[in-house]
Student: 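Take this structure, written in structure tokens, and hold onto it; I'll ask about it next.
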Amino acid sequence: MRLCLGPQRWPLGLALVLGVVVGQKLPTRDEGLFQMQIRDKTLFHDSSVIPDGAEISGYLFRDTPKRYYFVVEEDNTPLSVTVTPCDAPLEWKLTLQELPDEASGEGSGKPEPLDQQKQQQVTVDEGTELFSYKGNDVESYVATSSPSGLYQLEMLSTEKDSNFKVYATTTPESDQPYPELPYDPRVDVTALGRTTVTLAWKPTPTGVLMGQPVQYCVVINKEHNFKSLCAAEAKISADDAFMAVPKPGRDFSPFDFAHFGFVRSDNDFNKDRGLTSNKISRSYTAKPKASDIQKVCIGNKNIFTVSDLKPDTQYYFDVFAVNSATNTSTAYVGTFARTKEEARQKTVELKDGKVSDVFIKRKGSKFLRFAPVSSHQSVTLFVHACLDSVQVQVRRDGKLLLSQNVEGVRQFQLRGKPKAKYLIRLRGSRKGASTLKVLATTKPSSKQPFPSLPEDTRIKAFDKLRTCSTATVAWLGTQDRNKYCVYKKEVAESYGEEQRRREQNQCAGPETRRKSEKVLCKYFHSPNLQKAVTTETITGLEPGKTYLLDVYVVGHSGHSVKYQSKLVKTRKYC
């Protein structure tokens with residue numbers, strides 16, 4: 001029982017095959033040679049030939065039919081044809097043209113002249129339609145006994161250009177190309193969390209009983225279940241090809257003075273940091289949207305936990321058994337599930353004009369509620385991020401008013417509304433836990449609770465002025481008259497920048513320091529921002545020692561903000 005390979009072109013090529021078939025008996029297939037040939041994809045690339053016992057891939061242009069051919073030379077031959085649509089629904093039909101009876105019984109095997117070949121061409125009519133299908137399911141035509149003849153598979157995609165796969169065999173009982181499904185082919189959800197879903201399914205008998213190499217691939221997406229693995233792979237390829245490219249971003253420029261080692265931005269020359277401006281100090285580039293479909297192959301395990309999902313979101317899950325030797329696959333009956341909602345957090349009530357301390361776990365969130373008791377025209381919101389940057393979202397009666405990343409001290413002016421309620425969501429950093437101070441008020445006041453800050457809060461040390469017992473430093477101020485306190489602490493020589501960053505808590509005020517570490521406190525301001533810089537020489541240091549220097553600026557209500565710490569080392573020999 002053999003399925004004979006047809007030629008590339010028709011009608012002339014097909015006629016030649018028909019002439020050979022009816023003129024002489026075809027030799028038996030060399031199985032070893034055939035297995036070598038079907039592994040060579042170039043042999044059947046863009047060909048009208050369907051090989052016996054091998055799955056081929058093809059491509060259809062929209063509204064352009066494509067035909068594939070093969071010949072069954074003996075009557076009563078089993079036949080199975082399977083078509084797998086990938087990108088779009090397909091229309092396909094299988095027809096049969098019987099071989100003619102009037103043909104010479106024996107062939108000489110010698111080449112015939114072209115005019116004699118033309119005389120032997122057989123005109124093929126429409127033939128007998130055996131099967132037709134329209135849709136995107138994996139569908140098969142199976143016959144236990146088929147007549148000899150020329151078989152034609154015609155395919156059409158009316159929606160869009162599309163990929164597909166075809167498998168045909170005259171030995172369906174022994175081939176078993178696709179992994180067999182168990183008696184219960186459903187995928188079950190055995191555990192459900194806010195960000196995880198655990199799946200389980202029964203193993204395929206192909207791997208357990210027949211010993212064939214089978215692995216499982218899991219596909220996760222938010223749109224629908226897939227009926228074949230090639231449909232999922234086509235969607236993944238489309239998402240990868242058209243993924244958005246991120247726009248280039250611009251990092252912020254430090255705010256310094258040239259003659260003291262600071263470089264200041266011209267655009268921000270007359271602006272203090274954050275307290276009078278809603279401008280974000282850094283420009284964050286939006287990440288490209290990740291593909292909404294994922295494929296994970298997990299070997300022969302039949303239990304898998306999908307992680308890193310979004311809470312309160314519906315996902316679709318498909319499992320495919322894949323024959324690793326032939327790369328053919330079979331789809332289980334997929335499932336879907338909605339992850340659990342985030343646990344409702346306790347909302348912290350803010351009191352008008354009172355500072356609240358807020359702690360947020362790594363990658364966590366906190367909700368604050370502000371409900372003024374009287375009518376108001378505006379709300380002033382102060383946020384002091386003590387460690388890393390945090391994301392701040394404010395909604396008034398459900399309407400989003402702002403969403404920004406905050407570093408250091410920021411002030412936001414919100415338009416008021418009678419009897420309005422404000423919900424503030426604070427999202428922590430991915431690096432670690434976050435500590436904040438938050439204040440909301442409807443009361444206009446000339447004295448702000450937090451001190452104003454310059455754009456650059458670094459401390460500059462002058463190496464040429466360094467001695468065995470002194471160190472000279474400078475820092476920027478503002479137009480507001482503030483109190484500045486300087487502290488020093490001797491540290492080990494191995495004390496590095498990483499340790500300094502871990503201890504950089506801007507909300508830890510002078511009250512947390514020892515009295516012996518205090519150097520001095522002084523008031524300073526300048527009406528001219530270009531001259532708002534002050535210097536200080538710290539004395540009483542030991543030769544060859546390393547010191548950590550801190551400057552605190554204290555506001556009118558006693559709240560303080562720490563500048564970025566500075567490491568200095570005195571000279572060992574003078």
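These figures come from a predicted structure and were not determined experimentally.
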Student: Residues two or more places apart in sequence or in another chain: which of them pass side-chain hydrogen bond (donor to acceptor under 3.5 Å, both in side chains) with S494?
Tutor: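 None.
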
Student: If you take all heavy atoms of R396 and Y422, which pair is closest and at what distance?
Tutor: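 Closest heavy-atom pair between R396 and Y422: CG-CE2, 3.6 Å.
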
Student: For atom OH of Y133, is the number of surrounding heavy atoms from other residues, nucleotides or ligands below 6.0 Å larger than 12?
Tutor: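 Yes.
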
Student: Are D184 and R186 within salt-bridge range, i.e. N to O under 4.0 Å?
Tutor: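 A salt bridge links D184 with R186.
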
Student: Check whether T328 reaches the backbone of P177 with its side chain - one donor and one acceptor, N or O, closer than 3.5 Å.
Tutor: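 Judged by distance alone, yes, a pair lies under 3.5 Å.
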
Student: For K437 and C386, which heavy atoms make the closest approach, and how far apart are they?
Tutor: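 Distance-wise, the nearest heavy atoms are N-SG, 4.5 Å.
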
Student: Check the surroundings of atom CG in D308: do more than 12 heavy atoms from other residues, nucleotides or ligands lie under 6.0 Å from it?
Tutor: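 Open.
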
Student: Evaluate whether atom CZ of R338 has more than 12 neighbouring non-hydrogen atoms of other residues, nucleotides or ligands under 6.0 angstrom away.
Tutor: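 Enclosed.
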
Student: Using modelled atom types only, decide if a donor and an acceptor are shared between the side chain of D75 and the backbone of S148 within a distance under 3.5 Å.
Tutor: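 Yes, D75 side chain to S148 backbone: donor-acceptor pair under 3.5 Å.
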
Student: Return yes if some donor-acceptor pair links the side-chain N/O of D52 with the main-chain N/O of T170 below 3.5 Å, else return no.
Tutor: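 Yes; at least one donor-acceptor contact below 3.5 Å.
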
Student: Side-chain contact, heavy-atom cut-off 4.5 Å: R62 with D161?
Tutor: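 Side-chain contact under 4.5 Å: yes.
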
Student: Taking all non-hydrogen atoms of both residues into account, name the closest pair between V214 and A321 and its distance.
Tutor: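 Closest approach of V214 to A321: CG1-CB, 4.2 Å.
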
Student: Does the S389 side chain pair with the main chain of E407, one donor and one acceptor, at a distance under 3.5 Å?
Tutor: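 Pair absent, no side-chain N/O of S389 close to backbone of E407.
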
Student: Any heavy-atom pair between the side chains of T326 and E55 that's under 4.5 Å?
Tutor: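 Result no, sub-4.5 Å side-chain heavy-atom pair not found.
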
Student: Please examine the side chains of V406 and L436, heavy atoms only from C-beta on, and report whether any two atoms are closer than 4.5 Å.
Tutor: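 They are not in contact (no side-chain heavy atoms under 4.5 Å apart), so the answer is no.
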
Student: Does T204 form a side chain to side chain contact (heavy atoms under 4.5 Å, CB included) with Y332? I'd like the steps, not just the answer.
Tutor: CA-CA 10 Å; T204 168; Y332 278 69; 3.9 Å; yes

Student: Report yes or no: do Y316 and Q314 form a side-chain donor-acceptor pair below 3.5 Å?
Tutor: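 Per modelled atom types, Y316 and Q314 side chains form a pair under 3.5 Å.
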
Student: Side chain to side chain donor-acceptor pair (under 3.5 Å), that's the test. Do T77 and S146 meet it? Break it down for me.
Tutor: CA-CA 5 Å; T77 299; S146 298; over 6 Å; no

Student: Within a 6.0 Å radius of atom CG on D63, are there more than 12 heavy atoms belonging to other residues, nucleotides or ligands?
Tutor: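 Yes, because the 6.0 Å sphere around CG of D63 holds more than 12 heavy atoms from other groups.
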
Student: Find out whether V81 and S140 are in side-chain contact, i.e. whether some heavy atom of one side chain is under 4.5 Å from a heavy atom of the other.
Tutor: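 V81 vs S140: side chains apart.
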
Student: Under 3.5 Å, side chain of S237 to main-chain N/O of K235, donor-acceptor pair present?
Tutor: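 The answer is no, because no donor-acceptor pair under 3.5 Å joins these two groups.
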
Student: With the side chain counted from C-beta on, respond yes when V358 and V348 share a heavy-atom pair under 4.5 Å apart, and no when they do not.
Tutor: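 When only atoms from C-beta onward are counted, V348 and V358 do not touch, as no gap falls below 4.5 Å.
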
Student: Looking at every non-hydrogen atom in both residues, tell me the closest pair between P85 and A231 and how far apart they are.
Tutor: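 The pair with the smallest heavy-atom distance is O-CB, 4.5 Å.
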
Student: Taking only residues two or more places apart in sequence, or in another chain, which ones meet D87 in a side-chain hydrogen bond (donor to acceptor under 3.5 Å, both in side chains)?
Tutor: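 side-chain hydrogen bond (donor to acceptor under 3.5 Å, both in side chains) check on D87 returns N163.
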
Student: So Y315 and L309, side chain to side chain contact (heavy atoms under 4.5 Å, CB included) or not? Walk me through it.
Tutor: CA-CA 9 Å; Y315 289 90; L309 302 176; 3.8 Å; yes

Student: Please check: side-chain N/O of T339 versus main-chain N/O of D312, any donor-acceptor pairing under 3.5 Å?
Tutor: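 Confirmed, T339 side chain pairs with D312 backbone.
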
Student: How many angstroms lie between atom OG1 of T82 and atom NZ of K165, to the nearest 0.5 angstrom?
Tutor: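 Here the rounded value is 13.0 Å.
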
Student: Nearest 0.5 Å please: distance from the CG atom of L94 over to the OG1 atom of T128.
Tutor: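 Those atoms lie 11.0 Å apart.
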
Student: Could you tell me the separation between the CG atom of D137 and the NZ atom of K227, rounded to the nearest 0.5 Å?
Tutor: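 Between atom CG of D137 and atom NZ of K227 there are 3.5 Å.
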
Student: How far apart are the C-alpha atoms of I424 and F412, what are their side-chain angles, what is the distance that settles it, and do they pass the side chain to side chain contact (heavy atoms under 4.5 Å, CB included) test?
Tutor: CA-CA 12 Å; I424 304 165; F412 302 99; over 6 Å; no

Student: Less than 4.5 Å apart, any side-chain heavy atom of Y151 and any of L79?
Tutor: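 They are in contact (side-chain heavy atoms under 4.5 Å apart), so the answer is yes.
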
Student: For Y178 and Y167, I'd like to know if the aromatic rings sit close, meaning centre-to-centre distance below 6.0 Å.
Tutor: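 Centroid separation for Y178 and Y167: below 6.0 Å.
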
Student: Would I56 and Y68 count as a side chain to side chain contact (heavy atoms under 4.5 Å, CB included) here? Give the steps.
Tutor: CA-CA 11 Å; I56 64 169; Y68 288 84; 3.8 Å; yes

Student: Within the 4.5 Å heavy-atom criterion, are T198 and I303 side-chain neighbours or not?
Tutor: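 They are in contact (side-chain heavy atoms under 4.5 Å apart), so the answer is yes.
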
Student: Please check: side-chain N/O of N221 versus main-chain N/O of E223, any donor-acceptor pairing under 3.5 Å?
Tutor: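 Between the backbone of E223 and the side chain of N221 there is a qualifying donor-acceptor contact (under 3.5 Å).
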
Student: If you look at every heavy atom in F320 and L229, which pair is closest and at what distance?
Tutor: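 Smallest interatomic distance, heavy atoms only, reads CE2-N, 3.3 Å.
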
Student: Is the backbone N or O of P179 less than 3.5 Å from a side-chain atom of T330, with the two atoms forming a donor-acceptor pair by type?
Tutor: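 Yes: the side chain of T330 pairs with the backbone of P179.
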
Student: Are the side chain of T196 and the backbone N or O of S307 linked by a donor-acceptor pair below 3.5 Å?
Tutor: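 Absent.
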
Student: Between atom OG1 of T347 and atom CZ of R425, what is the distance when rounded to the nearest 0.5 Å?
Tutor: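 Separation between the atoms: 11.5 Å.
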
Student: So which heavy atom on S429 is nearest to which on S434, and how close?
Tutor: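 Answer, listing the atom of S429 first, then S434: N-OG, 3.5 Å.
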
Student: Looking only at side chains, do S132 and E129 share a donor and an acceptor under 3.5 Å apart?
Tutor: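 Yes, because at least one side-chain N or O of S132 sits under 3.5 Å from a partner of the opposite role on E129.
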
Student: Does any N or O in the side chain of K366 come within less than 3.5 Å of the main-chain N or O of F359, such that one atom is a donor and the other an acceptor?
Tutor: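 Indeed, once roles are kept as given, a pair shorter than 3.5 Å links the two residues.
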
Student: Mind checking the NZ-CG spacing from K93 to L153? Nearest 0.5 Å is all I need.
Tutor: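 CG of L153 is found 11.0 Å from NZ of K93.
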
Student: Over 60° means perpendicular and under 30° means parallel, so classify the ring planes of W92 and F131, tilted if in between.
Tutor: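 Correct class here is tilted.
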
Student: Do F226 and V219 touch side chain to side chain, with heavy atoms closer than 4.5 Å?
Tutor: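 Touching, per the 4.5 Å side-chain cut-off.
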
Student: Atom CD of Q391 and atom CG of N405: how far apart are they, to the nearest 0.5 Å?
Tutor: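 So the CD of Q391 and the CG of N405 are separated by 5.5 Å.
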
